[in-house]
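Small disclaimer: the values here were computed from a predicted structure and weren't measured. Just so we're on the same page: letters track the sequence lines, and every chain starts at 1. Values below: all heavy atoms of this structure, side chains included; hydrogens, waters and symmetry mates excluded.
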Number of protein chains: 2
Amino acid sequence: MQNSLAAGEPAQMSPLQRDSLQQQIYERLHAGLIAGAFRPGEVISTRGLATQLGVSAMPVREALTRLTAEGALELTPSRNLAVRILSRADFDEVTAIRTELEGMAAARAGAARTATDVTTIRARHADLADAAESGDIDRYLSANAAFHASIYAVARWPLLLSMIQRLWLIAGPAIRACLPDQTHLGRSMACHDTILAAFLTGDGAALRAAIIADIATAAPDIRASLTIGTTRSNDDEIQS
Amino acid sequence: MQNSLAAGEPAQMSPLQRDSLQQQIYERLHAGLIAGAFRPGEVISTRGLATQLGVSAMPVREALTRLTAEGALELTPSRNLAVRILSRADFDEVTAIRTELEGMAAARAGAARTATDVTTIRARHADLADAAESGDIDRYLSANAAFHASIYAVARWPLLLSMIQRLWLIAGPAIRACLPDQTHLGRSMACHDTILAAFLTGDGAALRAAIIADIATAAPDIRASLTIGTTRSNDDEIQS
DNA sequence: ATCTTCGATCTGCGATCGCAGTAAGGGTCA
DNA sequence: TGACCCTTACTGCGATCGCAGATCGAAGAT
């Protein structure tokens, strides 16, 4: 009844508006934090983001509240919301939980994969390799997150995926902060080839081991850069 | 300047107001969900809760938004917020992740415990045994949650503890819904004695095994009661 | 008597306004 | 010239209002 275009209109209706505003804002910030669009310690203002997005402060507030509760942001003593700065102990904790949960998701994904999954993962891996070759850090981080997330999604455990995403959310800015290590990027890509190979064979145990190796390979570099970023976090100019 | 009582008043000032309203509301709902104060499918109204708590709808909304994002509540097609009803697949996922994360926390807690921790855990276990003997289900569930949480807190990994709490939040109402099984309560208490013993010896591996056994012991009963609660969830009267 | 239909009353979501607290800039006094 | 205070412009948090959508009950028509 709704579609008055009826007869000669095969095209599907436009999505109009999928989610609530706060959900859209949350998802955008989520992706931005994982992709390293924000630096540790960077201040995020509710009203500023609201005017920038052309909406009221209300939905922005709820999105930021959620991110704060999840540990991605923190409330500074001057009543400002800022991207959380991880201590080494924090990072170790995140890494340990990541090893556990992503390992579990990988083991399950290896056993549950379908033909469609295989083509999806291949595509994501191709994107990742392409981004790595281009040297574009932002593209690489986004592609890396998409590659991993698509693997874990194969396990078809949405809660597990959500908890893993939360860990990426917390660690994302710290990962981005130690970006310029080009050698790390090469080593990481070798890990990703191993991950893809294990996924193609469907060996859950091997896939789990490959994922854990990827985490363990990247961790020392990130960890080493942490206190540096902590001490001189606010020295440079605020933002663009 | 604020305290005009000044001189002869050694007593510390009252805490006045610790957190924001939304945080207090969130914590109260959190505890209530874990302790089984809400039944699966039960509708929770923002304005209703607000008037009941004597506050505006705003902080209640943010608390409920957080709980919805965490998977404890869900938005029904009639635009109502209700306590999430777990499918068996959902419950299996929660149980699997619980096994992993609570096992990890237990292993770490066994190694990191201090003398203070021992006395705390003993006290919590005594509370739990007392509640079990009294037969008060509500007291038992609260004491059970406090017992487990205090063990995991010994690991000193706040993020891990927070993620475990989220799992309890989701599973809480389902656990409460299959309450009247008195035999289950006895079996569970046996598990708790084993847990306490393992904690006292400081054997992380044994503590981990005891925790996992506790989860595995309770899971079948809860799982079996799930679809029942799902099908006839709204048959009885709405609420008190 | 049964079916339809319309209105009152819920729901969550967003916008707008006001409040208390902090940080920084400009003015004034010693 | 230097130190101090006060004003101003932010911040997050809470309250209040209005909107669209959905449910339910009662009145009217067949």
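Comparing A:Ser45 and B:Ser78 against DNA chain D, the residue whose closest nucleotide sits nearer the 5' end is A:Ser45. Of the two residues contacting DNA chain C, namely B:Gly48 and A:Gly54, the nearest-nucleotide position lying further toward the 5' end is that of B:Gly48. Along DNA chain C, the nucleotide nearest to A:Pro59 and the one nearest to A:Pro77 differ in position, and the one closer to the 5' end is contacted by A:Pro59.
Across the protein-nucleic acid pair, B:Gln24 atom CD and D:dG14 atom P stand 9 Å apart, rounded to whole Å. Per the geometry, CG belonging to A:Leu73 stands 13 Å off C1' belonging to D:dG12, to the nearest Å. Counting to the nearest Å, the P atom of D:dG18 and the CE atom of A:Met58 are 17 Å from each other. A straight line from CG of A:Asp19 to P of C:dG14 spans 10 Å, rounded to a whole angstrom. In this structure, A:Leu75 places its CG atom 12 Å from P of C:dA23, rounding to the nearest Å. Atom CZ of A:Arg47 and atom C1' of D:dG14 are 12 Å apart (whole Å). A straight line from CG of B:Leu64 to C1' of C:dC13 spans 13 Å, rounded to a whole angstrom. Regarding B:Asn80, its CG atom lies at a distance of 15 Å from the C1' atom of D:dA20, rounded to whole Å.
Under 4.0 Å is where a charged nitrogen must lie from a carboxylate oxygen, and between A:Glu62 and B:Arg66 no such pair does.
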With side chain to side chain contact (heavy atoms under 4.5 Å, CB included) as the criterion, how do A:Leu128 and A:Arg124 come out once you've worked through the C-alpha distance, each side chain's angles and the decisive distance to 0.1 Å? CA-CA 6 Å; A:Leu128 184 56; A:Arg124 291 286 171 278; over 6 Å; no

Which is it for A:Ile97 and A:Met163 under the side chain to side chain contact (heavy atoms under 4.5 Å, CB included) test, yes or no, and what are the steps along the way? CA-CA 10 Å; A:Ile97 304 177; A:Met163 300 186 85; over 6 Å; no

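Looking at heavy-atom distances under 4.0 Å, A:Ile44 makes contact with sugar-phosphate atoms alone, never a base. Using a 4.0 Å heavy-atom distance criterion, B:Gln22 is classed as a sugar-phosphate-only contact.
Side chain B:Arg61 to base C:dG14: a donor-acceptor pair is found below 3.5 Å.
Of the candidates D:dT11, C:dG14, D:dA15, D:dT11 carries the atom nearest the A:Arg79 side chain, counting heavy atoms from C-beta on. Comparing D:dT11, C:dT16, C:dG14 by their closest approach to the side chain of A:Leu21 singles out C:dG14.
Taking side-chain N and O atoms only, A:Ser56 has no distance below 4.0 Å to OP1 or OP2 of C:dG14.
For the residue pair B:Arg166 and A:Ser162, a side-chain donor N or O sits within less than 3.5 Å of a side-chain acceptor on the partner.
For the pair A:Leu159/B:Asp90, no side-chain contact is recorded, criterion being any heavy-atom separation below 4.5 Å from C-beta on.
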